[in-house]
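In what follows, a single structure is set out as structure tokens and then discussed.
Given the structure is predicted, the values throughout are model-derived calculations rather than measurements. In listed order, ligands and their atoms are each counted from 1. Counting from 1, the numbers follow the sequence of the chain as shown.
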Amino acid sequence: MTAALLQRYPVDVLHRPERQVPPPGALEMPWHRIRAVCRLPGGWQRWRLRRALPAIHRLGERLSALGDVALDAYIESLRDRLLAEGLSPRLSREAFATVREVAWRELGMAHHDVQLMGGLALLEGKVAEMPTGEGKTLTATLPAATAALAGVPVHVVTVNDYLAGRDAQAMTPIYARLGLTVGVVTHERSPRQRRAAYAADITYCTNKELVFDYLRDGRELGSECTPLQAHAASLRGALDQHRLLLRGLHFAIVDEADSVMLDEARTPLILSGPDEGEPLDIALIDEVLTLSERYREGEDFVRESGRLHLTEAGKVRLVEQAERRLAAQGERSGWLGKARREWLLQQALVARHQFQRDRHYLVRDGQVQIIDEHTGRVLADRRWERGLQQMVERLEGCRPSEPNRTLARLTYQRFFRRYQHLSGMTGTACEVRGELWWTYRLRVVSIPPHRPSRRRHLGVHAFDDDDGRWQWVAERAAQLAARRRPVLIATASLADSEVLSRRLEARGLEHAVLNARQDAEEAATVARAGCAGAITVATSMAGRGTDIALDEEAREAGGLHVIIAGRHDASRIDRQIAGRCARQGDPGSVEYALSDTDPLLDELAGWQRHIGPLPVRLSRAQRQRERRHARERARLLDADWRENELLGFSGKTE
Ligand SMILES: Nc1ncnc2c1ncn2[C@@H]1O[C@H](COP(=O)(O)OP(=O)(O)OP(=O)(O)O)[C@@H](O)[C@H]1O
């Protein structure tokens, strides 16, 4: 696949190469769903990958006998051969042995067999499912360096700026010794720095920055949107290639693939700019907010599948109010038009009843900032659309921001399938393997752990209310810390993390907090979290990718203990949090502290909400939410294809 890529797309000739993905035919989706079920057994896949290992080790033995100068000369010759011949299986094995030897010399870490297998799966364009803490960061260096040595620009995509910066910095010694350049794209980088980072052999970036940069390039390209059109425009001097950020979509390794490609793929990414059209009608926003105050849940509006809907009684009430307003203010009042006023009121109800401060957003420096529900991080510069942002700002007493207009939008589903070579890695893919196949044509290969896990599951503790839960959690943390074990307490929201922090403070327990409000010291907080007796309270910010290294005393005391205080949107997220302990053969334990007031229970209606033990009800609610989110993604994908077909005649959305 990759060799073909090199033949078809000489990198420096075509601008912005990417795969043209045709919309699926009528029977294609059902057919791929059947194929997702009829996959090859995992054992056979692993056996196939394992077969390549003896050859890599034989080469590795030869390389380890070389001195530093001889190794550098060997790397030079390997690069020349890869550039000339492309990525043949033989040269790929040679490259893997070389990267492994270099990793050993530069970082003191040689890839384990399971990491070599994971690397081979990535090079084949698959999702490598490797248990948490097995060293995916190091695994990615194998296919990334191999492809980069063959001249293919590589994007290593991850979920947040902290991980992109950390992984790039940690792995740079390997790439530098191989003569490869590394770039990092994070939120604060300027366009010039981004261009330079994408020009590097290997670019570490976050999914959001990558898609936004792609959309910005799309606007720069205008109508010259396909690679061939862009190339032709460049030849006739109509396109200044130096203004583009990316060099095309060649080879991507997506870390935390289930989070990036599924959890975050429920809403399209929207590039917005200042709206120079209609000015914001603050008086109307205030009026709607005042009206919405009188609407009662259950009578005037209901929650269904996580959304708010006006009931018939609510609609009748709105008609009466609108008529009164129209009579008083005339037709220019903004109340004309049934659809518009219902929509306005619905937005006001969402601002009032659905979005909660310190759960969905926080207020900082007089501004409302959105918290990413999956990563627990602030989404800098992102705002809700069409008046919703301003409504929340008014409710919080902040100055309303200027309205934005959509410039371009794109779904992750469409974006990632445009890569010439797409692969991913994660610790949690087994339950979504079908969706990864029919959405992205990605197969999942489960890679076994290097050593058997020593993680102990200490069960679930259920409480009637938050008060009881926080009291127990604080007591438990105090006991464990006294035994010199480090404790990580994961809360479901920023508000919960602050409530717990106050409880710990009241007991005089020293602790660190990692949440969207206290994110400046992230690296230092994570570095201290593995010290003997340390207590750390964190939201899902510490859920994925965070590597908590233990000190010797902590390891001897029993390793990290994780308390998951509240179930998350998907069981995969809980498993990722549990995966912060017992990594790389270390000891560790995990337990749950659940409360009957968990907002996840809102997912259940009627008897389901009240019948059965709390852990069973929460698991039911979690499964229901996972299914709802999967349905939303399927709907979005479907709408995306249909819109694409329609706009094929009239224009493009990106
Ligand atoms: N071959 C190796 N030899 C020694 N240590 C290793 C090796 N591979 C990885 N490690 C160490 O294992 C730890 C975990 O690595 P890493 O954070 O990359 O795991 P991960 O699989 O990405 O975890 P997560 O699933 O949480 O993202 C790191 O401290 C890393 O240095």
Per the under 4.0 Å non-hydrogen criterion, ligand 1 touches Met109, Ala110, His112, Gln115, Thr132, Gly133, Glu134, Gly135, Lys136, Thr137, Leu138, Glu256, Gly545, Asp547, Arg580, Arg583, Gln584

*Should the ring pair His421 and Phe251 be called parallel, tilted or perpendicular, given that the plane angle runs from 0 to 90° and is split at 30 and 60?*
parallel

Residue set satisfying ring pair (Phe, Tyr, Trp, His ring centres under 6.0 Å) with Tyr162, at least two apart, ordered chain then number -> none

Flag this pair as yes if the NZ/CZ of Arg51 is under 6.0 angstrom from the six-membered ring centre of Trp47 and inside a 45 degree cone about the axis; otherwise no.
-> yes

| request: Please answer whether the main-chain N or O of Ile371 pairs with a side-chain N or O of Arg377 as donor and acceptor at a distance below 3.5 Å. | output: no

Residues at least two apart in sequence or cross-chain that pass side-chain contact (heavy atoms from CB on, under 4.5 Å) with Thr181, listed by chain then number, are Ala200, Asp201

Sorted by chain and number, sequence neighbours left out, side-chain contact (heavy atoms from CB on, under 4.5 Å) with Val182 holds for Ala168, Thr172, Tyr175, Tyr204

